Amino acid sequence: MKVKYDLHIHTALSPCALEEMTPNNIVNMSLISDLNVIAIADHNSCGNIKPIMELAQDMDLTVIPGMEVETREEIHVVCLFADFDSVYKMQSYVFEHLPPMKNKAKVLGHQLLFDREDELIGEEEKLLSFATDISYEEVISRTWKLGGIAIPAHIDRPSYSVISNLGMLPVNDEVKVLEISQYADYETFRKKYPDYLLTQSSDSHELGFVGICNQYLDIPLDNGNKLDAHAFVKYLRQYK
């Protein structure tokens, strides 16, 4: 099954995202952009994923629960999971390893939580925009043990990427997928990293960028089964 994807979308829970990034706005913009699969990847949290998954249930849109974890090396890793319980377990672990500081909304931005009607139900008080004290390798290992897949984010960028911060891409059998930013040349990086599945996602912090990369994956499905988060993550984990 050929699917159009965007695996790196932020909601207004991320303090750097615009307040327009609400559950309904994201789902509707994804449908307008003809996306089949999206992943929500807020900074160090999964607080807005459940309403988005609920909204998409009866639509032709698969939502992958995820989060963008910042490691102690200040590397961003998009961690995708097959179900909400797994991403929530990851969030609980990440929250234990964030600095014990409250967010300063007036300085760093609001961290908004919504229900499925886009009604504001609160703000996350824990500071989400800082690095955890979890290593890059531990983020990958922990994600894998929870049945997920860890994707080094925007590897082409000069900051917050594994290559910019470590000077290389460490070999790890549990890293099967890489992400480049919307500004990178896809063919250049595909040839540079032929042993990996290369993805290109928007890293959207505002609605106008959702689906902008126009990238597709061909996902094999058994016996005509419907594409869901389990099937999608299974495909990424088994990529060779």
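Side chains included, hydrogens not; waters and symmetry mates left out as well; all remaining heavy atoms used. Residue numbers run from 1 in the order of the sequence given. Being a predicted model, the structure only gives us computed values, none of them experimental.
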Do other residues, nucleotides or ligands put more than 12 heavy atoms under 6.0 Å from [X] [atom1]?
X	atom1	result
Asp60	CG	no
Lys4	NZ	yes
Lys89	NZ	no
Phe84	CZ	yes
Glu125	CD	no

Minimum heavy-atom distance [X]-[Y], with the two atoms named:
X	Y	result
Ile64	Ala229	CD1-CA, 3.6 Å
Pro170	Val162	CD-CG2, 3.7 Å
Ser129	Glu70	O-OE1, 4.1 Å
Phe209	Ser202	O-CB, 3.1 Å
Pro152	Val77	N-CG1, 4.3 Å
Lys2	Asn36	O-OD1, 4.1 Å

To the nearest 0.5 Å, tell me how far [X] [atom1] sits from [Y] [atom2].
X	Y	atom1	atom2	answer
Thr199	Tyr216	OG1	OH	15.5 Å
His43	His76	NE2	NE2	6.0 Å
Asp118	Met21	CG	CE	11.5 Å
Arg190	Leu178	CZ	CG	13.5 Å
Thr62	His230	OG1	NE2	11.5 Å
Phe114	Asn25	CZ	CG	8.5 Å

Would you say the side-chain atoms of [X] pair up with the backbone N or O of [Y], donor to acceptor, closer than 3.5 Å?
X	Y	answer
Ser33	Val210	yes
Asn165	Glu74	yes
Gln200	Ala184	yes
Asp115	Glu119	yes
Ser135	Glu138	yes
Ser86	Ala82	no
Ser45	Gly47	yes
Asp218	Met1	yes
Asn28	Asn24	yes
Asp6	Ser201	no

Are [X] and [Y] in one and the same hydrophobic cluster, where Ile, Leu, Val, Met, Phe, Trp and Tyr link if side-chain heavy atoms are under 4.5 Å apart?
X	Y	value
Met59	Ile219	no
Leu217	Val78	yes
Leu98	Val87	yes
Leu207	Leu35	yes
Leu7	Val139	no

Using a 4.5 Å cut-off on heavy atoms from C-beta on, say whether the side chain of [Y] contacts that of [X].
X	Y	value
Ile134	Thr71	no
Ile180	Ile155	yes
Tyr186	Leu198	yes
Ser161	Ile75	no
Gln182	Ile212	yes
Phe95	Glu124	yes
Asn48	Leu113	yes
Leu227	Val3	yes

Verify side-chain hydrogen bond (donor to acceptor under 3.5 Å, both in side chains) between Glu179 and His8, making sure each step is shown before the conclusion. CA-CA 9 Å; Glu179 178 199 273; His8 194 160; 2.9 Å; yes
Here's a test for you: under side-chain contact (heavy atoms from CB on, under 4.5 Å), which of Asp173, Ile151, Val175 qualifies with Ile140? Val175
Among Ile52, Val27, Val37, which residue meets the side-chain contact (heavy atoms from CB on, under 4.5 Å) test with Leu61? Val27
Under the criterion side chain to side chain contact (heavy atoms under 4.5 Å, CB included), I'd like the reasoning laid out for Asn103 against Lys126: C-alpha separation, chi angles, the key distance, then a yes or no. CA-CA 6 Å; Asn103 184 47; Lys126 184 178 285 290; over 6 Å; no
Test side chain to side chain contact (heavy atoms under 4.5 Å, CB included) on Glu68 and His10; report intermediate values, then the result. CA-CA 9 Å; Glu68 185 176 23; His10 290 267; 3.0 Å; yes
Would Glu123 and Gln111 count as having a side-chain donor-acceptor pair, cut-off 3.5 Å? no
Step by step, would you call Arg157 with Asp203 a salt bridge (charged side-chain N to carboxylate O under 4.0 Å, His left out)? CA-CA 12 Å; Arg157 281 177 43 180; Asp203 194 5; 3.3 Å; yes
Counting the benzene-type ring for Trp, do Tyr93 and His97 have ring centres under 6.0 Å apart? yes
Would Asn44 and Val69 count as a side chain to side chain contact (heavy atoms under 4.5 Å, CB included) if you check the C-alpha gap in whole Å, the side-chain angles of each, and the deciding distance to 0.1 Å? CA-CA 5 Å; Asn44 294 319; Val69 179; 3.9 Å; yes
For Tyr235 and Leu197, what are the C-alpha separation, side-chain angles and deciding distance, and is it a side chain to side chain contact (heavy atoms under 4.5 Å, CB included)? CA-CA 11 Å; Tyr235 168 75; Leu197 175 62; 4.1 Å; yes
Does Asp228 come within less than 4.0 Å of Lys234, counting only side-chain N to carboxylate O? no
